[in-house]
Engineer: 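One structure follows; several queries about it will come next.
Starting from 1, each residue takes its place in the sequence as its number. Just follow the structure's listing: the first ligand is 1, and inside any ligand the first atom is 1.
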Amino acid sequence: MSRDIRITLPDGSVRTLPAGSTARALAESIGKRLAQDAVAAKVNGEIWDLSRPISQDAVVEILTPKATDALSVLRHSSAHVLATAVRYLFPEAGIGFGPAIEDGFYYDFEVPRPFTPEDLERIEARMHEVAQADHPFVREEVGREDARRRFKDDPLKLERLEELGDDEVISVYTVGPFVDLCRGPHVPSTGHIKHFKLLHAAGAYWRGDSRRQMLQRIYGTAYFTKDELAADLRRREEAEKRDHRMLGKQLDLFSIQEDVGPGLILWHPRGAIIQFELRRLIEDEILKRGYQLVYTPHVTREQLFFRSGHLPLYEHNQYPAMAAGAGEAEDVRYRTKPMNCPMHILIYASRQRSYRDLPIRLAEVANVYRNELSGTLHGMLRVRGLTMDDAHIFCREDQIEQEIFEMLDLTDFVLNKTFGLQYRLDLATRPAKKLGGDQMWDVAEAALKRALERGNLTYGLDVGGGAFYGPKIDVKLRDAIGREWQGTTIQLDYELPERFRLEYTGRDNRAHRPVMMHRAIYGTLERFVGMLIEHFAGAFPVWLSPEQVRVLPIAEAQIPGARAVHERLRAAGIRSSVDDRNETLNYRIRDGEVMKVPYMTVVGQRELDQGSVAVRVRGAGKKQEIVPVEQFMARVKSEIEMRALTP
Ligand SMILES: [Zn+2]
Ligand SMILES: [Zn+2]
């Protein structure tokens with residue numbers, strides 16, 4: 001006997017359909033056009049295949065290519081098409097995982113040799129055939145035994161299968177000849193996958209574990225439209241030219257070396273001066289804004305992190321414990337610190353605090369260590385040794401709004417006013433599982449909102465996206481080629497003050513618990529500098545440039561004069577150098593261009609006689625301007641002092 005179910009649509013209207021109807025049938029009942037465009041459906045917040053029967057009352061949204069969630073469905077489906085093509089061409093290939101990722105998709109294969117660029121071309125051509133065949137994605141729910149039988153030749157899938165809990169639904173998807181153990185969801189058929197590109201292949205350990213076998217991962221991307229794909233490929237090409245690892249080498253900024261280990265950055269002099277300038281900027285600025293600097297050690301007894309709750313919860317992310325220091329009890333253990341918060345807390349707690357002392361803003365540019373999986377490390381962008389521009393603010397509840405307002409202002413000063421970066425803000429609110437009562441969250445969220453509104457800032461709401469211990473504001477940066485980067489986070493924390501029993505004496509003479517905030521404007525200096533290298537394509541504004549002026553004598557006779565100019569610049573606080581190598585002037589100019597030096601000054605006899613230099617500005621080609629040395633110095637100095645975004 002067929003029973004009816006009630007389907008609530010996003011506009012609040014309700015439709016009645018027989019139980020077991022699919023989202024496709026729902027789309028057809030709404031309109032032909034919608035049914036044609038539909039790629040998947042959101043059923044009670046979960047993304048489903050269009051063809052999956054809905055057996056109970058539900059809230060359903062039909063997803064068309066315009067929906068933000070639709071793209072990852074397309075990309076995951078593209079990964080299956082990739083695996084289908086690989087199985088045609090390499091029938092022996094073992095299959096691992098094939099998810100959608102932020103900017104595309106990948107699939108891992110166990111094959112006897114790495115894929116070559118020619119292999120990728122053949123695979124991509126085969127993918128187009130699979131797409132044109134318009135195979136449906138067929139979902140089946142199967143029993144464990146059945147699944148074992150189907151994947152008997154795929155040991156990696158069997159391993160995954162054994163990890164699925166007894167109460168989990170085991171689903172498989174079939175595309176033409178290819179069957180995959182997969183949760184889905186997928187687009188209805190391979191015909192939806194038209195605009196894709198395979199990007200590259202790289203080795204990847206099975207499950208990111210270096211003790212397991214090395215698989216070959218093929219990366220690709222896919223879009224619903226040709227134009228979006230073309231724009232993405234152009235952006236990738238541009239990004240490749242800006243790759244901070246390549247530029248870091250070319251500009252001699254940093255290295256990562258085997259003897260030191262992965263994820264640990266050696267800052268060369270040219271990179272170190274950039275870090276120095278960033279530290280100086282933030283430290284000068286926060287001292288003006290009422291912060292106090294502190295310094296804390298790199299290692300600590302591990303009991304501190306048990307007290308903070310980071311151990312044992314985040315043990316996998318920390319370096320293993322070290323033995324006790326000389327003369328201490330044998331069972332004492334030390335760890336490198338993964339964060340500074342507990343130490344700053346101890347400084348706060350080291351004396352009685354009164355309501356009049358608050359807010360207390362403790363800041364430290366500090367090194368912390370996190371044991372990230374080696375497979376996830378990426379140049380300066382993902383490292384194990386992190387330099388954070390960290391700060392913790394301890395304040396009263398009635399001070400939250402003002403503190404957040406000031407932090408947002410500082411964020412804007414640094415990111416936008418100084419570096420010219422665009423950004424957007426997200427306010428992440430209380431999750432379902434949270435610490436403390438609703439009233440506390442009401443106060444905190446309202447304060448954050450008022451601070452955002454007072455700053456006239458537009459922001460998105462990430463409902464339920466906050467940490468269990470407090471709401472936060474996330475900053476997403478946009479770089480010169482439109483890519484988004486995770487930036488500053490401003491995090492409220494009700495948990496750590498509780499765990500450490502922090503107090504201040506209120507106006508009422510009673511003990512109260514302060515609110516704590518964590519924030520880092522750059523985040524880590526590694527990641528921020530990596531991002532800046534790519535944003536500026538290595539052509540840093542003059543105040544950040546490792547070498548601000550390069551002085552070039554035309555011929556040997558002008559070397560002493562050129563050195564004198566260089567000495568004057570250096571005495572004025574300008575980072576200058578002389579290139580008096582026995583090479584042609586053109587060769588030396590070319591070298592200065594490769595090193596992206598903002599100003600080169602050419603010194604000939606005529607310039608020396610006049611007390612002037614011929615200035616070449618980066619990016620202005622062959623144009624030279626004859627300027628008195630005095631005037632040139634004043635110009636560079638003022639640009640440095642203003643932290644101008646020139647040349
Ligand atoms: Zn899948
Ligand atoms: Zn913190």
Engineer: Taking the Zn ion (ligand 1) as the vertex, how big is the angle to NE2 in H76 and NE2 in H80, rounded to 10°?
Structural biologist: 110°
Engineer: Please answer whether the main-chain N or O of L50 pairs with a side-chain N or O of R24 as donor and acceptor at a distance below 3.5 Å.
Structural biologist: no
Engineer: At less than 2.8 Å, would any N/O/S atom of C182, backbone or side chain, sit next to the Zn ion (ligand 1)?
Structural biologist: yes
Engineer: Is K434 atom NZ crowded by more than 12 heavy atoms from other residues, nucleotides or ligands, each under 6.0 Å away?
Structural biologist: yes
Engineer: Should the ring pair W441 and Y494 be called parallel, tilted or perpendicular, given that the plane angle runs from 0 to 90° and is split at 30 and 60?
Structural biologist: tilted
Engineer: Quick check on side-chain hydrogen bond (donor to acceptor under 3.5 Å, both in side chains): which of T411, T488, D412, D474 does Y423 satisfy it with?
Structural biologist: D412
Engineer: Is H518 close enough to the Zn ion (ligand 2) that one of its N, O or S atoms comes in under 2.8 Å?
Structural biologist: yes
